[in-house]
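In what follows, every chain begins at residue 1, and chains take the letters A, B, ... in the order their sequences are listed. Fair warning: this is a prediction, and the values are worked out from it, not measured in the lab. Because only heavy atoms are used, hydrogens play no part in the values below, and waters and symmetry mates are left out as well, while side chains stay in.
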There are 2 protein chains.
Amino acid sequence: MGAEDAVDAHVRRLWRHRGAEPAGPRRGPRPRLTVDEVLDAAVEVADAQGLGGLSTRAVATRLGLSAMALYPYVGTKEHLLALAEDHASPLPPWPDRASSLADDLTTWGEHLLDLYARHPWLAELPWADAAGGPNQQDWLERLLEILERWDARPESRAAVVTALYAVVRAAAQTSASYARAGASGDDRAWLARADATRRVVGDLAERYPLAAALPQHAAQDWRDAPRASVRHVAEVLGRGLEATGVRSPG
Amino acid sequence: MGAEDAVDAHVRRLWRHRGAEPAGPRRGPRPRLTVDEVLDAAVEVADAQGLGGLSTRAVATRLGLSAMALYPYVGTKEHLLALAEDHASPLPPWPDRASSLADDLTTWGEHLLDLYARHPWLAELPWADAAGGPNQQDWLERLLEILERWDARPESRAAVVTALYAVVRAAAQTSASYARAGASGDDRAWLARADATRRVVGDLAERYPLAAALPQHAAQDWRDAPRASVRHVAEVLGRGLEATGVRSPG
DNA sequence: TCTCATCGTTATACACTGTATAGTGTTGTT
DNA sequence: AACAACACTATACAGTGTATAACGATGAGA
(Lines give C-alpha, C1' and ligand atoms only; values in the text may rest on other atoms or scores of the structure.)
Protein backbone atom coordinates (compact mmCIF):
# COMPACT_ATOMS: atom_id res chain seq x y z
CA MET A 1 0.00 0.00 0.00
CA GLY A 2 3.01 2.25 0.39
CA ALA A 3 3.53 2.44 -3.34
CA GLU A 4 -0.15 3.01 -3.96
CA ASP A 5 -0.15 5.88 -1.49
CA ALA A 6 2.82 7.36 -3.28
CA VAL A 7 0.99 7.31 -6.60
CA ASP A 8 -2.05 8.85 -4.97
CA ALA A 9 -0.07 11.62 -3.35
CA HIS A 10 1.66 12.36 -6.63
CA VAL A 11 -1.55 12.66 -8.60
CA ARG A 12 -3.04 14.83 -5.88
CA ARG A 13 -0.02 17.14 -6.12
CA LEU A 14 -0.37 17.23 -9.91
CA TRP A 15 -3.97 18.38 -9.69
CA ARG A 16 -3.48 20.54 -6.61
CA HIS A 17 -4.72 23.68 -8.41
CA ARG A 18 -7.70 21.91 -9.91
CA GLY A 19 -9.60 20.98 -6.81
CA ALA A 20 -7.65 17.99 -5.53
CA GLU A 21 -7.82 17.98 -1.76
CA PRO A 22 -4.54 17.76 0.14
CA ALA A 23 -5.92 14.76 2.04
CA GLY A 24 -5.86 13.97 5.71
CA PRO A 25 -5.18 16.00 8.86
CA ARG A 26 -1.71 17.24 9.45
CA ARG A 27 0.18 17.03 12.66
CA GLY A 28 3.90 17.74 12.28
CA PRO A 29 5.67 21.08 11.90
CA ARG A 30 4.36 23.50 9.29
CA PRO A 31 5.92 23.13 5.83
CA ARG A 32 8.15 26.12 5.27
CA LEU A 33 7.69 25.93 1.51
CA THR A 34 4.98 25.36 -1.05
CA VAL A 35 4.99 22.74 -3.75
CA ASP A 36 4.93 25.61 -6.23
CA GLU A 37 8.02 27.17 -4.70
CA VAL A 38 9.88 23.91 -5.09
CA LEU A 39 8.70 23.58 -8.67
CA ASP A 40 9.63 27.18 -9.44
CA ALA A 41 13.14 26.41 -8.27
CA ALA A 42 13.24 23.20 -10.29
CA VAL A 43 12.13 25.01 -13.44
CA GLU A 44 14.73 27.72 -12.88
CA VAL A 45 17.45 25.12 -12.54
CA ALA A 46 16.30 23.28 -15.65
CA ASP A 47 16.09 26.52 -17.65
CA ALA A 48 19.59 27.48 -16.61
CA GLN A 49 21.44 24.18 -16.54
CA GLY A 50 19.33 21.98 -18.75
CA LEU A 51 17.88 18.61 -17.89
CA GLY A 52 21.29 17.24 -17.03
CA GLY A 53 21.82 19.87 -14.38
CA LEU A 54 18.47 19.26 -12.75
CA SER A 55 19.54 17.23 -9.73
CA THR A 56 17.77 16.99 -6.42
CA ARG A 57 20.73 18.59 -4.69
CA ALA A 58 20.76 21.52 -7.11
CA VAL A 59 17.09 22.28 -6.50
CA ALA A 60 17.51 21.84 -2.77
CA THR A 61 20.50 24.13 -2.36
CA ARG A 62 18.73 26.79 -4.41
CA LEU A 63 16.01 26.63 -1.76
CA GLY A 64 18.50 26.52 1.09
CA LEU A 65 17.52 22.99 1.97
CA SER A 66 19.03 19.56 2.08
CA ALA A 67 18.37 17.19 -0.81
CA MET A 68 16.21 14.89 1.26
CA ALA A 69 13.96 17.76 2.28
CA LEU A 70 12.33 17.75 -1.15
CA TYR A 71 10.73 14.35 -0.69
CA PRO A 72 7.79 15.51 1.42
CA TYR A 73 7.01 18.12 -1.22
CA VAL A 74 7.44 16.37 -4.55
CA GLY A 75 8.38 12.78 -3.83
CA THR A 76 10.78 10.88 -6.05
CA LYS A 77 12.79 12.58 -8.74
CA GLU A 78 10.62 10.93 -11.37
CA HIS A 79 7.66 12.62 -9.72
CA LEU A 80 9.55 15.88 -9.44
CA LEU A 81 10.17 15.76 -13.18
CA ALA A 82 6.53 15.11 -13.98
CA LEU A 83 5.43 17.92 -11.67
CA ALA A 84 7.97 20.36 -13.07
CA GLU A 85 6.98 19.47 -16.62
CA ASP A 86 3.36 20.25 -15.95
CA HIS A 87 4.24 23.28 -13.86
CA ALA A 88 6.14 24.82 -16.77
CA SER A 89 3.40 24.10 -19.31
CA PRO A 90 0.45 26.43 -18.77
CA LEU A 91 -1.81 26.77 -21.79
CA PRO A 92 -2.00 30.38 -23.00
CA PRO A 93 -5.30 31.68 -24.36
CA TRP A 94 -5.61 32.61 -28.01
CA PRO A 95 -8.45 32.99 -30.49
CA ASP A 96 -8.69 30.57 -33.37
CA ARG A 97 -8.56 32.32 -36.70
CA ALA A 98 -10.90 29.70 -38.11
CA SER A 99 -9.79 30.46 -41.63
CA SER A 100 -8.73 26.88 -42.26
CA LEU A 101 -7.95 23.74 -40.34
CA ALA A 102 -4.31 24.00 -41.32
CA ASP A 103 -4.14 27.56 -39.97
CA ASP A 104 -5.59 26.59 -36.62
CA LEU A 105 -3.29 23.60 -36.33
CA THR A 106 -0.35 25.83 -37.18
CA THR A 107 -1.29 28.35 -34.51
CA TRP A 108 -1.54 25.61 -31.91
CA GLY A 109 1.85 24.30 -32.93
CA GLU A 110 3.44 27.73 -32.84
CA HIS A 111 2.18 28.36 -29.33
CA LEU A 112 3.59 25.03 -28.20
CA LEU A 113 6.82 25.93 -29.96
CA ASP A 114 6.96 29.15 -27.98
CA LEU A 115 6.59 27.18 -24.78
CA TYR A 116 9.43 24.86 -25.77
CA ALA A 117 11.56 27.87 -26.68
CA ARG A 118 11.14 29.21 -23.16
CA HIS A 119 11.82 25.81 -21.57
CA PRO A 120 13.94 23.77 -24.00
CA TRP A 121 14.25 20.86 -21.58
CA LEU A 122 10.55 20.15 -22.03
CA ALA A 123 11.25 18.81 -25.51
CA GLU A 124 13.91 16.47 -24.14
CA LEU A 125 11.55 14.73 -21.76
CA PRO A 126 10.25 11.33 -22.81
CA TRP A 127 7.06 11.65 -24.72
CA ALA A 128 5.43 8.67 -23.04
CA ASP A 129 4.20 10.34 -19.86
CA ALA A 130 3.27 13.60 -21.55
CA ALA A 131 -0.43 13.19 -20.85
CA GLY A 132 -0.12 13.28 -17.09
CA GLY A 133 -0.85 16.69 -15.64
CA PRO A 134 -3.70 19.13 -15.99
CA ASN A 135 -1.79 21.65 -18.06
CA GLN A 136 -0.73 19.03 -20.55
CA GLN A 137 -4.28 17.79 -20.62
CA ASP A 138 -5.32 21.35 -21.43
CA TRP A 139 -2.97 21.42 -24.41
CA LEU A 140 -4.35 18.13 -25.67
CA GLU A 141 -7.95 19.19 -25.25
CA ARG A 142 -7.24 22.47 -26.99
CA LEU A 143 -5.94 20.63 -30.01
CA LEU A 144 -8.86 18.25 -29.98
CA GLU A 145 -11.22 21.23 -29.91
CA ILE A 146 -9.71 22.41 -33.15
CA LEU A 147 -10.13 19.01 -34.72
CA GLU A 148 -13.67 18.81 -33.38
CA ARG A 149 -14.63 22.20 -34.75
CA TRP A 150 -13.45 21.15 -38.19
CA ASP A 151 -15.13 17.80 -37.85
CA ALA A 152 -12.09 15.62 -38.30
CA ARG A 153 -12.90 11.93 -38.32
CA PRO A 154 -12.51 10.47 -34.84
CA GLU A 155 -10.29 7.58 -35.91
CA SER A 156 -7.72 9.96 -37.34
CA ARG A 157 -7.53 12.35 -34.40
CA ALA A 158 -5.13 10.42 -32.21
CA ALA A 159 -2.76 10.04 -35.13
CA VAL A 160 -2.85 13.74 -35.94
CA VAL A 161 -2.25 14.58 -32.31
CA THR A 162 0.88 12.47 -32.04
CA ALA A 163 2.15 13.65 -35.40
CA LEU A 164 1.74 17.32 -34.63
CA TYR A 165 3.08 16.99 -31.11
CA ALA A 166 6.10 15.08 -32.34
CA VAL A 167 6.92 17.54 -35.07
CA VAL A 168 6.80 20.46 -32.67
CA ARG A 169 9.06 18.63 -30.26
CA ALA A 170 11.50 17.70 -33.00
CA ALA A 171 11.54 21.26 -34.28
CA ALA A 172 12.12 22.58 -30.78
CA GLN A 173 15.00 20.19 -30.26
CA THR A 174 16.81 21.15 -33.42
CA SER A 175 16.13 24.79 -32.69
CA ALA A 176 17.60 24.44 -29.21
CA SER A 177 20.55 22.61 -30.67
CA TYR A 178 21.23 25.46 -33.05
CA ALA A 179 20.87 27.99 -30.26
CA ARG A 180 23.38 26.13 -28.10
CA ALA A 181 25.82 25.78 -30.98
CA GLY A 182 25.69 29.50 -31.57
CA ALA A 183 25.94 30.53 -27.96
CA SER A 184 27.89 28.49 -25.48
CA GLY A 185 30.16 26.99 -28.11
CA ASP A 186 30.83 23.84 -26.14
CA ASP A 187 27.86 22.11 -27.70
CA ARG A 188 28.64 22.43 -31.36
CA ALA A 189 29.36 18.72 -31.39
CA TRP A 190 26.51 18.31 -33.84
CA LEU A 191 28.07 20.52 -36.47
CA ALA A 192 31.50 19.04 -35.91
CA ARG A 193 30.09 15.57 -36.46
CA ALA A 194 28.38 16.55 -39.68
CA ASP A 195 31.59 18.13 -40.94
CA ALA A 196 33.61 15.06 -40.00
CA THR A 197 31.12 12.82 -41.78
CA ARG A 198 31.43 14.77 -45.00
CA ARG A 199 35.20 14.66 -44.62
CA VAL A 200 35.43 10.92 -43.87
CA VAL A 201 33.05 9.40 -46.38
CA GLY A 202 33.57 12.01 -49.05
CA ASP A 203 31.01 10.93 -51.61
CA LEU A 204 28.20 11.16 -49.09
CA ALA A 205 26.13 13.39 -51.32
CA GLU A 206 26.29 10.80 -54.10
CA ARG A 207 25.41 7.92 -51.82
CA TYR A 208 22.41 9.73 -50.42
CA PRO A 209 21.32 12.08 -53.18
CA LEU A 210 17.80 12.59 -51.90
CA ALA A 211 18.91 13.40 -48.37
CA ALA A 212 21.50 15.76 -49.78
CA ALA A 213 18.84 17.43 -51.93
CA LEU A 214 16.64 18.19 -48.94
CA PRO A 215 16.28 21.95 -48.72
CA GLN A 216 18.85 22.96 -46.16
CA HIS A 217 18.02 25.87 -43.97
CA ALA A 218 20.80 28.38 -44.26
CA ALA A 219 22.62 29.32 -41.10
CA GLN A 220 20.83 32.65 -40.98
CA ASP A 221 17.21 31.65 -41.05
CA TRP A 222 17.44 28.79 -38.58
CA ARG A 223 15.25 30.84 -36.33
CA ASP A 224 12.41 30.65 -38.83
CA ALA A 225 13.04 27.03 -39.81
CA PRO A 226 11.16 25.35 -36.95
CA ARG A 227 8.12 27.51 -37.49
CA ALA A 228 8.16 26.73 -41.18
CA SER A 229 8.50 23.03 -40.43
CA VAL A 230 5.51 23.08 -38.12
CA ARG A 231 3.52 25.04 -40.67
CA HIS A 232 4.33 22.56 -43.39
CA VAL A 233 3.23 19.57 -41.35
CA ALA A 234 0.08 21.34 -40.26
CA GLU A 235 -0.61 22.10 -43.90
CA VAL A 236 -0.19 18.52 -45.02
CA LEU A 237 -2.14 17.14 -42.09
CA GLY A 238 -4.91 19.65 -42.64
CA ARG A 239 -5.25 18.81 -46.31
CA GLY A 240 -5.07 15.13 -45.54
CA LEU A 241 -7.89 15.41 -43.04
CA GLU A 242 -9.96 17.44 -45.44
CA ALA A 243 -9.45 14.77 -48.06
CA THR A 244 -10.59 12.05 -45.70
CA GLY A 245 -13.57 13.97 -44.41
CA VAL A 246 -13.94 17.45 -42.95
CA ARG A 247 -16.73 19.92 -43.22
CA SER A 248 -16.89 23.70 -43.03
CA PRO A 249 -15.84 25.63 -39.91
CA GLY A 250 -18.40 25.50 -37.11
CA MET B 1 42.83 19.10 -31.39
CA GLY B 2 42.19 16.23 -29.04
CA ALA B 3 38.47 16.74 -29.25
CA GLU B 4 38.63 17.03 -33.03
CA ASP B 5 40.48 13.75 -33.24
CA ALA B 6 37.85 12.14 -31.05
CA VAL B 7 35.07 13.27 -33.39
CA ASP B 8 37.04 12.03 -36.37
CA ALA B 9 37.66 8.62 -34.82
CA HIS B 10 34.00 8.31 -33.91
CA VAL B 11 32.76 9.06 -37.39
CA ARG B 12 35.31 6.67 -38.84
CA ARG B 13 34.01 3.96 -36.53
CA LEU B 14 30.44 4.75 -37.54
CA TRP B 15 31.22 4.27 -41.21
CA ARG B 16 33.70 1.44 -40.72
CA HIS B 17 31.68 -0.93 -42.91
CA ARG B 18 31.20 1.64 -45.64
CA GLY B 19 34.76 2.22 -46.67
CA ALA B 20 36.09 4.44 -43.91
CA GLU B 21 39.75 3.65 -43.40
CA PRO B 22 40.91 2.87 -39.86
CA ALA B 23 43.58 5.55 -40.18
CA GLY B 24 47.23 5.52 -39.31
CA PRO B 25 49.76 2.78 -38.55
CA ARG B 26 49.34 0.82 -35.37
CA ARG B 27 52.05 -0.02 -32.95
CA GLY B 28 50.71 -1.28 -29.62
CA PRO B 29 49.36 -4.71 -28.75
CA ARG B 30 46.75 -6.27 -31.02
CA PRO B 31 43.15 -5.48 -30.10
CA ARG B 32 41.59 -8.64 -28.72
CA LEU B 33 38.11 -7.57 -29.80
CA THR B 34 36.35 -5.96 -32.73
CA VAL B 35 34.22 -2.86 -32.60
CA ASP B 36 31.34 -5.07 -33.74
CA GLU B 37 31.86 -7.48 -30.86
CA VAL B 38 31.66 -4.62 -28.40
CA LEU B 39 28.54 -3.29 -30.09
CA ASP B 40 26.97 -6.75 -30.15
CA ALA B 41 27.47 -6.93 -26.41
CA ALA B 42 26.06 -3.44 -25.92
CA VAL B 43 22.97 -4.27 -27.97
CA GLU B 44 22.45 -7.48 -26.00
CA VAL B 45 22.65 -5.59 -22.73
CA ALA B 46 20.24 -2.94 -23.95
CA ASP B 47 17.80 -5.55 -25.26
CA ALA B 48 17.86 -7.37 -21.94
CA GLN B 49 18.12 -4.58 -19.39
CA GLY B 50 16.83 -1.57 -21.29
CA LEU B 51 18.59 1.73 -21.76
CA GLY B 52 18.91 2.20 -18.03
CA GLY B 53 20.87 -1.01 -17.67
CA LEU B 54 23.28 -0.12 -20.44
CA SER B 55 26.29 0.96 -18.42
CA THR B 56 29.89 0.82 -19.49
CA ARG B 57 30.62 -1.65 -16.72
CA ALA B 58 27.79 -3.93 -17.78
CA VAL B 59 29.03 -4.10 -21.36
CA ALA B 60 32.60 -4.57 -20.21
CA THR B 61 31.93 -7.43 -17.80
CA ARG B 62 29.88 -9.18 -20.48
CA LEU B 63 33.03 -9.11 -22.58
CA GLY B 64 35.25 -10.10 -19.67
CA LEU B 65 36.94 -6.72 -19.64
CA SER B 66 37.29 -3.75 -17.38
CA ALA B 67 35.11 -0.71 -17.98
CA MET B 68 37.96 1.44 -19.18
CA ALA B 69 38.93 -1.10 -21.80
CA LEU B 70 36.00 -0.04 -23.96
CA TYR B 71 37.37 3.41 -24.63
CA PRO B 72 39.84 2.42 -27.35
CA TYR B 73 37.02 0.61 -29.14
CA VAL B 74 34.04 2.93 -28.92
CA GLY B 75 35.15 6.03 -27.08
CA THR B 76 32.83 7.90 -24.75
CA LYS B 77 29.51 6.47 -23.66
CA GLU B 78 27.77 9.03 -25.84
CA HIS B 79 29.70 7.61 -28.77
CA LEU B 80 28.96 4.07 -27.65
CA LEU B 81 25.27 4.89 -27.68
CA ALA B 82 25.42 6.38 -31.16
CA LEU B 83 27.37 3.38 -32.45
CA ALA B 84 25.03 0.87 -30.82
CA GLU B 85 22.01 2.70 -32.19
CA ASP B 86 23.30 2.48 -35.71
CA HIS B 87 24.57 -1.04 -35.20
CA ALA B 88 21.08 -2.24 -34.24
CA SER B 89 19.37 -0.48 -37.15
CA PRO B 90 20.10 -2.28 -40.41
CA LEU B 91 17.64 -1.50 -43.17
CA PRO B 92 15.86 -4.65 -44.40
CA PRO B 93 15.03 -4.95 -48.09
CA TRP B 94 11.42 -4.97 -49.23
CA PRO B 95 9.59 -4.25 -52.47
CA ASP B 96 7.31 -1.25 -52.66
CA ARG B 97 3.76 -2.18 -53.50
CA ALA B 98 3.41 1.07 -55.38
CA SER B 99 -0.37 0.92 -55.10
CA SER B 100 -0.53 4.29 -53.38
CA LEU B 101 1.71 6.72 -51.57
CA ALA B 102 -0.07 5.99 -48.31
CA ASP B 103 0.55 2.26 -48.73
CA ASP B 104 4.25 2.70 -49.32
CA LEU B 105 4.58 5.07 -46.39
CA THR B 106 2.72 2.57 -44.23
CA THR B 107 5.03 -0.26 -45.25
CA TRP B 108 8.07 1.82 -44.41
CA GLY B 109 6.59 2.67 -41.02
CA GLU B 110 5.71 -0.94 -40.28
CA HIS B 111 9.24 -2.07 -41.02
CA LEU B 112 10.62 0.58 -38.72
CA LEU B 113 8.08 -0.49 -36.14
CA ASP B 114 9.36 -4.04 -36.40
CA LEU B 115 12.87 -2.82 -35.74
CA TYR B 116 11.73 -0.91 -32.66
CA ALA B 117 9.86 -3.98 -31.46
CA ARG B 118 13.08 -5.96 -31.56
CA HIS B 119 15.06 -3.19 -29.85
CA PRO B 120 12.65 -1.10 -27.79
CA TRP B 121 15.42 1.07 -26.40
CA LEU B 122 15.92 2.56 -29.86
CA ALA B 123 12.68 4.48 -29.47
CA GLU B 124 13.83 5.92 -26.15
CA LEU B 125 16.93 7.49 -27.60
CA PRO B 126 16.81 11.23 -28.23
CA TRP B 127 15.61 11.97 -31.70
CA ALA B 128 18.11 14.75 -32.28
CA ASP B 129 21.12 12.66 -33.29
CA ALA B 130 19.11 10.10 -35.24
CA ALA B 131 20.69 11.05 -38.54
CA GLY B 132 24.22 10.04 -37.64
CA GLY B 133 25.15 6.61 -38.87
CA PRO B 134 24.99 4.89 -42.25
CA ASN B 135 22.13 2.57 -41.33
CA GLN B 136 19.99 5.43 -40.16
CA GLN B 137 20.92 7.30 -43.28
CA ASP B 138 19.73 4.28 -45.24
CA TRP B 139 16.34 4.42 -43.53
CA LEU B 140 16.02 8.10 -44.31
CA GLU B 141 17.01 7.70 -47.93
CA ARG B 142 14.60 4.79 -48.30
CA LEU B 143 11.75 6.98 -47.15
CA LEU B 144 12.85 9.80 -49.41
CA GLU B 145 12.89 7.39 -52.33
CA ILE B 146 9.22 6.69 -51.72
CA LEU B 147 8.44 10.38 -51.61
CA GLU B 148 10.52 10.93 -54.73
CA ARG B 149 8.80 8.18 -56.66
CA TRP B 150 5.43 9.73 -55.87
CA ASP B 151 6.73 13.18 -56.65
CA ALA B 152 6.04 14.79 -53.32
CA ARG B 153 6.85 18.47 -53.24
CA PRO B 154 10.39 19.02 -51.93
CA GLU B 155 9.40 21.61 -49.33
CA SER B 156 7.05 19.15 -47.66
CA ARG B 157 9.39 16.20 -47.54
CA ALA B 158 11.33 17.07 -44.42
CA ALA B 159 8.10 17.66 -42.56
CA VAL B 160 6.65 14.33 -43.63
CA VAL B 161 9.85 12.59 -42.63
CA THR B 162 9.84 13.95 -39.10
CA ALA B 163 6.11 13.35 -38.73
CA LEU B 164 6.26 9.73 -39.83
CA TYR B 165 9.41 9.01 -37.85
CA ALA B 166 7.92 10.55 -34.75
CA VAL B 167 4.68 8.64 -34.99
CA VAL B 168 6.49 5.35 -35.38
CA ARG B 169 8.62 6.13 -32.36
CA ALA B 170 5.65 7.18 -30.27
CA ALA B 171 3.75 4.05 -31.28
CA ALA B 172 6.75 1.90 -30.42
CA GLN B 173 7.06 3.54 -27.03
CA THR B 174 3.46 2.99 -26.04
CA SER B 175 3.64 -0.54 -27.40
CA ALA B 176 6.71 -1.26 -25.31
CA SER B 177 5.02 0.31 -22.30
CA TYR B 178 2.05 -2.01 -22.71
CA ALA B 179 4.33 -4.99 -23.13
CA ARG B 180 6.20 -4.16 -19.93
CA ALA B 181 2.98 -3.61 -18.00
CA GLY B 182 1.72 -7.02 -19.07
CA ALA B 183 4.93 -8.84 -18.36
CA SER B 184 7.24 -7.78 -15.58
CA GLY B 185 4.49 -6.17 -13.56
CA ASP B 186 6.82 -3.71 -11.88
CA ASP B 187 6.29 -1.20 -14.64
CA ARG B 188 2.55 -0.82 -14.56
CA ALA B 189 3.10 2.59 -13.00
CA TRP B 190 1.46 4.10 -16.04
CA LEU B 191 -1.81 2.31 -15.50
CA ALA B 192 -1.74 2.98 -11.78
CA ARG B 193 -1.30 6.68 -12.46
CA ALA B 194 -4.21 6.78 -14.86
CA ASP B 195 -6.40 4.99 -12.35
CA ALA B 196 -5.37 7.35 -9.57
CA THR B 197 -6.10 10.35 -11.78
CA ARG B 198 -9.63 9.16 -12.46
CA ARG B 199 -10.06 8.52 -8.75
CA VAL B 200 -8.68 11.87 -7.59
CA VAL B 201 -10.28 14.34 -9.97
CA GLY B 202 -13.44 12.35 -10.50
CA ASP B 203 -15.14 14.42 -13.18
CA LEU B 204 -12.16 14.13 -15.49
CA ALA B 205 -14.28 12.86 -18.36
CA GLU B 206 -16.48 15.96 -18.11
CA ARG B 207 -13.56 18.35 -17.91
CA TYR B 208 -11.92 16.84 -20.97
CA PRO B 209 -14.76 15.42 -23.00
CA LEU B 210 -12.86 15.27 -26.28
CA ALA B 211 -9.87 13.48 -24.79
CA ALA B 212 -12.24 11.08 -23.08
CA ALA B 213 -14.03 10.46 -26.36
CA LEU B 214 -10.85 9.46 -28.14
CA PRO B 215 -11.27 5.89 -29.32
CA GLN B 216 -9.54 3.84 -26.68
CA HIS B 217 -7.82 0.72 -27.81
CA ALA B 218 -9.19 -2.12 -25.76
CA ALA B 219 -6.75 -4.07 -23.67
CA GLN B 220 -6.88 -6.97 -26.10
CA ASP B 221 -5.93 -5.37 -29.37
CA TRP B 222 -3.07 -3.24 -28.09
CA ARG B 223 -0.82 -5.34 -30.26
CA ASP B 224 -2.54 -4.05 -33.37
CA ALA B 225 -2.94 -0.49 -32.12
CA PRO B 226 0.53 0.82 -33.04
CA ARG B 227 0.29 -0.56 -36.55
CA ALA B 228 -3.13 1.01 -36.95
CA SER B 229 -1.81 4.31 -35.66
CA VAL B 230 1.05 4.30 -38.14
CA ARG B 231 -1.33 3.37 -40.92
CA HIS B 232 -3.65 6.22 -40.04
CA VAL B 233 -0.91 8.82 -40.06
CA ALA B 234 0.48 7.48 -43.30
CA GLU B 235 -2.99 7.70 -44.76
CA VAL B 236 -3.49 11.29 -43.72
CA LEU B 237 -0.01 12.33 -44.79
CA GLY B 238 -0.42 10.57 -48.10
CA ARG B 239 -3.70 12.27 -48.85
CA GLY B 240 -2.31 15.58 -47.72
CA LEU B 241 0.63 15.27 -50.06
CA GLU B 242 -1.60 14.27 -52.92
CA ALA B 243 -3.74 17.30 -52.25
CA THR B 244 -0.73 19.60 -52.30
CA GLY B 245 0.81 18.07 -55.38
CA VAL B 246 1.67 14.48 -56.32
CA ARG B 247 1.54 12.73 -59.62
CA SER B 248 1.03 9.12 -60.64
CA PRO B 249 3.37 6.33 -59.50
CA GLY B 250 6.67 6.23 -61.39
C1' DT C 1 68.92 -6.40 -32.62
C1' DC C 2 68.15 -2.79 -29.59
C1' DT C 3 65.17 1.15 -28.46
C1' DC C 4 61.37 3.53 -27.83
C1' DA C 5 56.96 5.48 -28.85
C1' DT C 6 52.40 3.49 -29.15
C1' DC C 7 48.52 1.41 -27.64
C1' DG C 8 45.42 -2.25 -25.05
C1' DT C 9 44.26 -3.15 -20.39
C1' DT C 10 43.87 -2.86 -15.42
C1' DA C 11 43.41 -0.67 -10.94
C1' DT C 12 42.40 3.09 -8.48
C1' DA C 13 40.17 7.31 -7.60
C1' DC C 14 37.00 11.23 -8.04
C1' DA C 15 32.87 13.76 -8.50
C1' DC C 16 28.30 13.02 -8.88
C1' DT C 17 23.75 10.87 -8.95
C1' DG C 18 19.18 9.21 -6.34
C1' DT C 19 17.64 7.69 -2.13
C1' DA C 20 17.46 4.50 2.23
C1' DT C 21 18.01 5.12 7.03
C1' DA C 22 18.27 7.03 11.60
C1' DG C 23 17.80 10.81 14.43
C1' DT C 24 16.09 15.61 15.97
C1' DG C 25 12.80 18.84 16.92
C1' DT C 26 8.26 20.91 16.12
C1' DT C 27 3.46 20.50 15.81
C1' DG C 28 -1.43 19.03 16.53
C1' DT C 29 -4.47 15.68 18.58
C1' DT C 30 -6.07 12.86 22.34
C1' DA D 1 0.71 15.77 29.64
C1' DA D 2 1.67 12.22 26.30
C1' DC D 3 2.02 10.62 21.90
C1' DA D 4 1.80 10.19 16.92
C1' DA D 5 2.86 12.58 12.78
C1' DC D 6 5.70 15.21 10.06
C1' DA D 7 9.64 18.52 8.24
C1' DC D 8 14.28 18.42 8.09
C1' DT D 9 19.39 17.11 8.59
C1' DA D 10 23.32 14.14 8.40
C1' DT D 11 25.24 10.17 7.00
C1' DA D 12 25.77 6.34 4.09
C1' DC D 13 25.47 3.31 0.09
C1' DA D 14 25.37 1.60 -4.48
C1' DG D 15 25.62 3.19 -8.70
C1' DT D 16 27.19 6.17 -12.76
C1' DG D 17 30.99 8.07 -16.34
C1' DT D 18 35.63 8.84 -16.76
C1' DA D 19 40.44 10.94 -15.51
C1' DT D 20 44.84 9.21 -14.30
C1' DA D 21 48.82 6.33 -13.65
C1' DA D 22 50.95 2.13 -14.25
C1' DC D 23 52.00 -2.26 -16.74
C1' DG D 24 52.94 -5.05 -20.99
C1' DA D 25 52.82 -6.20 -25.46
C1' DT D 26 53.72 -4.75 -29.97
C1' DG D 27 55.82 -2.80 -34.23
C1' DA D 28 58.80 0.71 -36.49
C1' DG D 29 63.37 3.10 -36.90
C1' DA D 30 68.19 2.97 -35.66
Distances under 3.5 Å only, N/O to N/O: pair up the protein atoms with those of nucleotides 26-30 of chain C.
residue	atom	partner	partner atom	Å
C:dT27	O2	A:Arg27	O	2.6
C:dG28	OP1	A:Arg30	NH2	2.7
C:dG28	O4'	A:Arg27	O	3.3

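- Annotation: the span from A:Leu51 atom CG to A:Glu85 atom CD amounts to 9.5 Å, rounded to 0.5 Å.
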Check: Pairs counted as Watson-Crick or G-U wobble with both distances under 3.5 Å: what dot-bracket string results for DNA chain D, using | for bases tied to another strand?
Finding: |||.|||||||||||||||||||.||||..

Margin query: Does the protein touch nucleotides 11-19 of chain C at the base, only the backbone, or not at all? Give it as B, S and - per nucleotide, heavy atoms under 4.0 Å.
Written below: B-B---BBB

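- Contacts of B:Pro72 with the nucleic acid, taken as non-hydrogen atoms under 4.0 Å apart, include base atoms.
- A:Leu214 is not listed as a side-chain neighbour of B:Val161, based on a closest heavy-atom distance of 4.5 Å or more.
- The side chain to side chain donor-acceptor pair (under 3.5 Å) check on B:Ser66 picks up nothing, with sequence neighbours excluded.
- Counting only heavy atoms from C-beta outward, the side chains of B:Thr76 and B:Leu81 never approach each other to under 4.5 Å.
- Neither side chain, B:Glu124 nor B:Gln173, offers a donor N or O lying under 3.5 Å from an acceptor on the other.
- Listed by chain and number, the residues in a salt bridge (charged side-chain N to carboxylate O under 4.0 Å, His left out) with B:Arg32 amount to none (sequence neighbours excluded).
- Remark: A:His111 engages A:Trp94 in a ring-ring contact (aromatic ring centres under 6.0 Å, His included) (not counting sequence neighbours).
- Aromatic rings of A:Tyr116 and A:Trp121 (six-membered ring for Trp) have centroids beyond the 6.0 Å cut-off, not under it.
- Atom pair A:Leu65:CG and D:dA7:P shows a separation of 12 Å (rounding to whole Å applied).
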